[in-house]
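Read the structure below first, then the notes.
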2 protein chains.
Amino acid sequence: MEHQRPKIVDVARLAGVSTATVSRVLSNPQVVSAETRRLVEEAIRQTGYRLNLAARNLRHRRTGGVVALVPNLSNPFFSQILAGIASVLAPAGYNLLVADTRAEGGESLLAYAEPSRADGLIVLDGSLPAEGLSRRVPVVLACEWIPGLAAPRVKIDNRQGAVMAVEHLIELGHTRIAHVAGPPGNVLSEARLAGTEQALAAHGLPAPRVFPGDFTLESGRRAGAEWLAVPRAERPTAVFLASDAMACGFIGEVQHHGITVPRDVSVMGFDDIELVAHMTPPLSTIRQPREAIGRHAAQRLLDRIAGDDRADDTVLPVELVRRGSTGIVAETPV
Amino acid sequence: MEHQRPKIVDVARLAGVSTATVSRVLSNPQVVSAETRRLVEEAIRQTGYRLNLAARNLRHRRTGGVVALVPNLSNPFFSQILAGIASVLAPAGYNLLVADTRAEGGESLLAYAEPSRADGLIVLDGSLPAEGLSRRVPVVLACEWIPGLAAPRVKIDNRQGAVMAVEHLIELGHTRIAHVAGPPGNVLSEARLAGTEQALAAHGLPAPRVFPGDFTLESGRRAGAEWLAVPRAERPTAVFLASDAMACGFIGEVQHHGITVPRDVSVMGFDDIELVAHMTPPLSTIRQPREAIGRHAAQRLLDRIAGDDRADDTVLPVELVRRGSTGIVAETPV
DNA sequence: ACGCTGAATGCAACCGATTACAAAAAGAAC
DNA sequence: GTTCTTTTTGTAATCGGTTGCATTCAGCGT
């Protein structure tokens, strides 16, 4: 008879009711009498009817979905944030979709900021253009943020985290402390660098030697190579890197050249990704509450969707995690 | 005047043409005369008109999107596959959305397999129920697969990879070789275990001691603890783990207890995730062509969407990567 | 001047649900 | 039995583009 996908009128016909009633059974069952409801449900089962979302979305002018824009899915750092987001969104009836801003062309990203595609947007990438994003769907910024954009931000105190990291090194007796920065222009890079400088200055120590980096493993490795190239007597005895991934690259490189951590150099990371607890030595780092960041971001977005237009910031606490990669400064320089 | 989002009729009115013409300018510009087109484009600019995707999708009966279902976004293994997928999908005019099958409830996943939500599905998780998936949208399975489901599969030869790993260890002189398996029931776990057994048998060696695991870092750490608990004289001198993540956990644990890799134990992983090249020692492993897996999966999906109904398998080659974590068996057992 | 062809455009039905409003049915009260 | 509520159901407009078919008009041949 009908090879096509059944529509709501097919169900209605079979159940002997109008399409309106079928629709009510679907989205507002309690207004339909028990008997009619049973009839309709049976008809739905028999026809194998499935709702067409495009049609519902068109009528409702909403999509029931939220899109998260992530700079780089390969960074395990983001996945736990996404889990936190999903844990809040799912009970609220929204589903989460993730798009990688690196993988997709820059232009096409704005396509996600359409009310006809998503009801809201959680942006985890600070390098997106502000102008395209405003005036479209509700947006919340998490972790990174976009300077020009008035939207709620959920973040950590990056500067304070850096201060804690550097003070930990200072407590261990280090005075020549280097920093490996994140990508230039990135808001996180800048805050962490500023915190580093602030902590050193507060303790009367000279400004740090800064090696360039971009948060990636490979850039950490290069920083390691640069550190090795510094004459031994001048080498920083401690290095604070702006991401755990870079710290991994750094440690791998210097260990490969016979350096022992933390005897020859103490290393601090930032993020506390799962892996670094299992390295040899385990990495000392600054823990970000990733799950909580995700949960708060999702909650703020739900608020915004519900009409709350405040654009205030949520700042979550970080935590110093002392592990084996940092130690007291060597008594006798070899 | 109008506070509402402009629709196509607003543009049409301003340009002095019909909605049909505006629509044509949008989706089929060459059929409209140059002059009219200019007029319409100007009107679009002035009104700030943006297409409503729900409406277009409803009419077209397609969405222009593909959903990838990933078991666990925190595993960096998947992100490169996703990059490969996006690199094929984007030029074809499809956009990619990612959903984490762990983060979302099981039931809600089937909601993604709706033609009104996505034009196709790439499933990277073998643990999903087959029945819900068939008969909905075109599906391609990548990496893992679902035994009952007739859909094209893009995968590697897991058994052959395991054989290569074990033969590498045998060449180095090892005879007591252990395996740390993936989660029971997983198709990859089983193929890799089978390959391990096959290679050992082919060389007249006894069946491997098998430690349980589930691909995660933590389960690798536990396997390390179990290995340490084996009396020294009986300890396997080489361990092949079914994932790199587990190998990291394993090495971290045994190094923590004074074991030196590869002197005391050789360790092989599987996957070649970026990080393992930077560990100390760098991990020997089996490389999966992740980017290529993603590209092939996306291409097969496009084929399917275009009506190609074959359900054949694509098998991509793996590669043995020799690094520092494997070495010749120690001459004199300490 | 007249018919013919093809390009450009408009009309209006359509995609598949939702929902305001109206009508009908069922109870309640007297 | 009649009137007034309250509940249940149906009618038809609507969400916002798309497209088959019809129409208009310019250009061309005879």
Side-chain angles (χ1 to χ4, degrees), chain A residues 2-41 43-44 47-65 93 111 114-117 119 136-137, chain B residues 2-41 43-44 47-65 93 111 114-117 119 136-137:
Chain A
E2 47 192 14
H3 251 318
Q4 297 310 310
R5 186 161 233 266
K7 353 199 287 191
I8 211 167
V9 343
D10 300 315
V11 176
R13 191 149 33 220
L14 182 60
V17 298
S18 75
T19 62
T21 301
V22 176
S23 178
R24 290 188 189 106
V25 170
L26 256 29
S27 41
N28 221 8
Q30 70 281 6
V31 307
V32 178
S33 76
E35 172 57 12
T36 312
R37 197 188 317 160
R38 208 190 48 67
L39 231 55
V40 171
E41 278 163 356
I44 290 178
T47 53
Y49 170 75
R50 316 237 74 226
L51 183 64
N52 182 313
L53 289 167
R56 166 181 280 186
N57 290 347
L58 173 57
R59 183 65 228 238
H60 273 164
R61 297 135 146 276
R62 55 157 262 166
T63 70
E114 288 292 331
S116 52
R117 191 187 285 287
D119 297 334
R136 299 213 185 179
V137 299
Chain B
E2 49 191 11
H3 252 316
Q4 296 310 310
R5 186 162 232 265
K7 353 199 287 189
I8 212 167
V9 351
D10 300 316
V11 176
R13 191 152 30 223
L14 182 61
V17 298
S18 73
T19 61
T21 300
V22 177
S23 178
R24 291 189 187 104
V25 170
L26 257 27
S27 42
N28 221 8
Q30 70 280 7
V31 307
V32 179
S33 76
E35 172 58 10
T36 312
R37 197 187 318 158
R38 207 191 48 67
L39 231 54
V40 171
E41 278 161 356
I44 289 178
T47 52
Y49 169 76
R50 318 237 71 227
L51 184 63
N52 181 314
L53 290 168
R56 167 180 281 188
N57 290 347
L58 174 58
R59 184 67 229 233
H60 273 162
R61 296 135 146 278
R62 53 157 264 165
T63 70
E114 287 292 331
S116 53
R117 191 186 284 289
D119 297 334
R136 300 214 184 180
V137 299

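Scope of the values below: all heavy atoms of this structure, side chains included, with no hydrogens, waters or symmetry mates. Chain A is the first sequence line, chain B the second, and so forth, proteins listed ahead of strands; every chain is numbered from 1. Because the structure is predicted, anything quoted here is derived from the model rather than measured.
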Between B/Ile8 (CD1) and C/dG10 (P), how many Å, whole number?
12 Å
Reckon B/Arg37 has a side-chain N or O less than 4.0 Å from the OP1 or OP2 of C/dA8?
no
A/Leu39 atom CG is separated from D/dT9 atom C1', nearest whole Å, by 13 Å
Can you tell me how far OG1 of B/Thr63 sits from CZ of A/Arg117, rounded to the nearest 0.5 angstrom?
8.5 Å
Reference residue B/Ile8; test side-chain contact (heavy atoms from CB on, under 4.5 Å); the match among B/Ile44, B/Thr47, B/Val22
B/Val22
Check the distance between C/dA17's P and A/Asn57's CG and give it to me in whole angstrom.
12 Å
Output yes when at least one side-chain N/O atom of B/Arg61 is less than 4.0 Å from OP1 or OP2 of C/dG16, else no.
yes
With a 4.5 Å limit on heavy-atom distance, are the side chains of A/Thr21 and A/Val32 in contact?
yes
Between CG of B/Asn28 and P of C/dA7 the distance, given in whole Å, is 14 Å
Any donor-acceptor pair, under 3.5 Å, between the side chain of B/Arg56 and the base of D/dT18, if you only look at N and O atoms?
no
With a 4.0 Å cut-off on heavy atoms, is B/Arg62 in touch with a base, just the backbone sugar-phosphate, or nothing at all?
nothing
Looking at the side chain of A/Thr19, which of C/dT18, C/dC15, D/dT19 is the nearest nucleotide?
C/dT18
Can a donor-acceptor pair under 3.5 Å be found between the side-chain atoms of B/Arg5 and the base atoms of D/dG17?
no
Given C/dG10, D/dG16, C/dT19, which nucleotide is nearest the side-chain atoms of A/Ala20?
C/dT19
Name the residue closer to the 5' end of DNA chain D, choosing between B/Ala55 and A/Val31 according to the nucleotide with the nearest heavy atom.
A/Val31
Proximity to the side chain of B/Ser33 - top-ranked nucleotide from D/dT9, C/dA8, C/dG10
C/dA8
From D/dT9, C/dG10, C/dA17, nucleotide with atom closest to A/Lys7 side chain
C/dA17
Any B/Thr21 side-chain N or O less than 4.0 Å from OP1/OP2 of C/dA8
no
Would you tell me if any nitrogen or oxygen in the side chain of A/Tyr49 comes within less than 4.0 Å of OP1 or OP2 on C/dA17?
yes
Using 4.0 Å as the upper bound for N to carboxylate O, is an ion pair formed by B/Asp10 and B/Arg13?
yes
Can A/Arg38 and A/Glu41 be counted as an ion pair, charged N to O under 4.0 angstrom?
no
Separation of B/Leu58 atom CG from C/dT18 atom C1', in whole Å?
12 Å
Just to confirm, is there a sub-4.0 Å distance from OP1 or OP2 of D/dT14 to any side-chain nitrogen or oxygen of A/His60?
no
Rounded to whole Å, how long is the line connecting atom CG of A/Leu26 with atom C1' of C/dA17?
9 Å
DNA chain C: A/Asn52 or B/Val32, which has the more 5' nearest nucleotide?
B/Val32
Rounded to whole angstrom units, what separation is found between the CZ atom of B/Arg24 and the C1' atom of D/dT19?
7 Å
Rounded to the nearest Å, what distance is computed from the CZ atom of residue A/Arg13 to the C1' atom of nucleotide D/dG10?
16 Å
Choosing from C/dA17, D/dG16, D/dG10, which nucleotide comes nearest the side chain of B/Arg59?
D/dG16
Just to be sure I understand the rule, does B/Leu51 reach a base, reach only the sugar-phosphate, or reach nothing, if contact means heavy atoms closer than 4.0 Å?
sugar-phosphate
Remember a base hit wins even if backbone is also touched, and classify B/Val17 as base, sugar-phosphate or nothing at under 4.0 Å, heavy atoms.
sugar-phosphate
Taking any heavy-atom pair under 4.0 Å as a contact, classify A/Val9: base, sugar-phosphate, or nothing.
nothing
Heavy atoms, side chains only, cut-off 4.5 Å: are A/Pro115 and B/Arg5 in contact?
yes
